[in-house]
Protein chains: 2
Amino acid sequence: MKHTYEYPRAALTVDCVVFGFDDGALQVLLIRRGIAPFKDHWALPGGFVRVEETLDDAARRELEEETGLKDLFLEQLYTFGTVNRDPRERVVSVAYYALTKPADHTTAASTDAAEARWFPVSDIPPLAFDHAEIFASALSRLRGKLTYQPVGFELLPPKFTLTQLQRLYESVLGTEIDKRNFRKKVLSYDLLIPLKEQHREGPHRPAQLFRFDPVKYERLKKKGFLFEI
Amino acid sequence: MKHTYEYPRAALTVDCVVFGFDDGALQVLLIRRGIAPFKDHWALPGGFVRVEETLDDAARRELEEETGLKDLFLEQLYTFGTVNRDPRERVVSVAYYALTKPADHTTAASTDAAEARWFPVSDIPPLAFDHAEIFASALSRLRGKLTYQPVGFELLPPKFTLTQLQRLYESVLGTEIDKRNFRKKVLSYDLLIPLKEQHREGPHRPAQLFRFDPVKYERLKKKGFLFEI
DNA sequence: TGACTTCGTGTGAAAATTACACATTACTTC
DNA sequence: GAAGTAATGTGTAATTTTCACACGAAGTCA
């Protein structure tokens, strides 16, 4: 079935920058394109927005179709609309970024994508279209966000140690943080709940496990919050 | 001439939230719609994106066509894409916000818009489509931005007094600020250049006029800046 | 039981933020 | 031209926040 309009229309897509945290380093999920253009190149997961779904829905749907991931933290980033970003025709892309917990890193490639793989953000292959620009923009946004909103937990498993949280901040922000000052600061927000359990691993003192309080977290996210590290 | 596609496509528009500062209060520029739907309702200036122009270009073009404003500070805000935001058909709108200096407030309504008018943000009429939501989002972004980036100058004339700048901050942020602390802080960024001139008005001591240093300003905007008040 | 490794904690110095009051300058009016 | 009026312009002390920094505790392994 054909669809006809008075004026030419741009195609509308969504693209997702999915971040994960593993091996003590920030990772991003890329797919190898199975179809032209840029066949066999690495690219951000994404695809065309259907006319009866919202942008957020499209992002979640494409993400699940191409990578198997669902129910993750997802936020709109920016809309990329230069004229020649796609060689085929005019395509405007609404970019999203997403944060996943390590448990979700089971990525079954499917449908459009020939393959899905995690890459450390410090070592990304050349990307299709203007995806390198989108990725850079997402990384910069994540860095900014981390310094004033408590989104770091979205990248950690439900139970985590303060050291894991600190490593996350250090590796995303690219700085070293003093352990005592970090703990003082984080705990002062009264957002972390110490568990009865401990994390024991290796020949040394076990670490206290924490989870974060989802109620206080939501409250913080809504009002002006403040989670400066 | 008709244009035909395999799948149905959303129409793509831009909408602009234009802020001005006048009468000691933050103002927003609205147009009265000359055509259906929402004929005679107030709305944000905006219109359809042409297939051969970027999103930014479309925003600037529509702004000039509908309000006569050009060369203003303009930044993409967010893309609104719920399914039924336009009663005619699926329309996705990329929202922008803009800041104007008072000198530019000469608004000649034209083309699509029957009338253009400034409204204090505290007293906005009902808006067409989901424009109230877009406006709220823009205002919230402006507030956020003002507290950590030196964009306030974009809303003031080229020469201004520190009191004017303070009033701007107070009225946008909705807080009272201590005069001495404000001046100390603002001047410490070394961004303001005192002029030889003074601003004299009324039966009292005249005020020192300042302009801001565009070079330092650009430098601040690019790197992590920091303009906390 | 001693070596090793990571966890967990407190204090003092420096810097930033906040609170706060009065003399100065020009215009107006008497 | 003297007195009144109104907004400008300036400094300091108290408080809070940030930053720098070192060592005992708890567990494993040999």
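What you see below is based on every heavy atom in this structure, not just the backbone, and it leaves out hydrogens, waters and symmetry mates. Remember, it's a predicted structure, so these values are computed and weren't measured experimentally. Here is how names work: the chains are called A, B, and so on, in the same order as the sequence lines, proteins then strands, and each is numbered from 1.
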Could you give the NZ-to-P distance, from A:Lys185 to D:dA20, as a whole number of Å? 13 Å
Give the nucleotide from the list C:dC7, C:dG8, D:dT8 with an atom nearest to the side chain of B:Ala207. D:dT8
Contact summary for A:Arg143 and A:Val172, nearest pair of heavy atoms: NE-O, 2.7 Å
To the nearest angstrom, how far is B:Phe210 atom CZ from D:dG9 atom C1'? 10 Å
A:Phe160-A:Phe153 aromatic ring centre distance below 6.0 Å: yes
Tell me yes or no: between the side chains of A:Thr82 and B:Thr54, is some donor less than 3.5 Å from an acceptor? no
Roughly how many Å is it from CZ in A:Phe182 to C1' in C:dG8, rounded to a whole number? 14 Å
Expected string for nucleotides 21-30 of chain C under the B/S/- scheme (protein heavy atoms, under 4.0 Å, primed atoms plus P, OP1, OP2 as sugar-phosphate) is B--BBBBS--
Mind listing the N/O atom pairs, protein and nucleotides 11-13 of chain C, below 3.5 Å?
unit_1: C:dT11; atom_1: O4; unit_2: A:Lys184; atom_2: NZ; d: 3.0

Could you tell me how far apart A:Asp178 (CG) and C:dT9 (P) are, to the nearest whole angstrom? 14 Å
What closest approach, in Å, do B:Leu74 and B:Ala98 show between heavy atoms, and which atom pair accounts for it? CD1-CB, 3.7 Å
Remember a base hit wins even if backbone is also touched, and classify B:Glu201 as base, sugar-phosphate or nothing at under 4.0 Å, heavy atoms. nothing
For B:Ile177 and C:dT17, give me the distance from atom CD1 to atom C1', rounded to whole Å. 14 Å
Please determine if B:Arg32 and B:Asp40 form a salt bridge, counting it only when a charged side-chain N lies under 4.0 Å from a carboxylate O. no
With a 6.0 Å cut-off on the ring centroids, do B:Phe19 and B:Phe21 count as close? no
Between B:Glu154 and B:Tyr217: side-chain donor-acceptor atoms closer than 3.5 Å: yes
Verdict with reasoning, B:Ser93 to B:Thr13, per side chain to side chain donor-acceptor pair (under 3.5 Å): CA-CA 5 Å; B:Ser93 180; B:Thr13 61; 3.2 Å; yes
Does the side chain of A:Tyr96 pick up a donor-acceptor pair with the side chain of A:Glu75 at under 3.5 Å? no
Measure from CD on A:Gln208 to P on D:dA26 and round the result to the nearest Å. 13 Å
Find the distance A:Leu165:CG to C:dT6:C1' and express it as a whole number of Å. 17 Å
Looking at every strand, decide which applies to A:Thr163 at a 4.0 Å heavy-atom threshold: base, sugar-phosphate, or nothing. sugar-phosphate
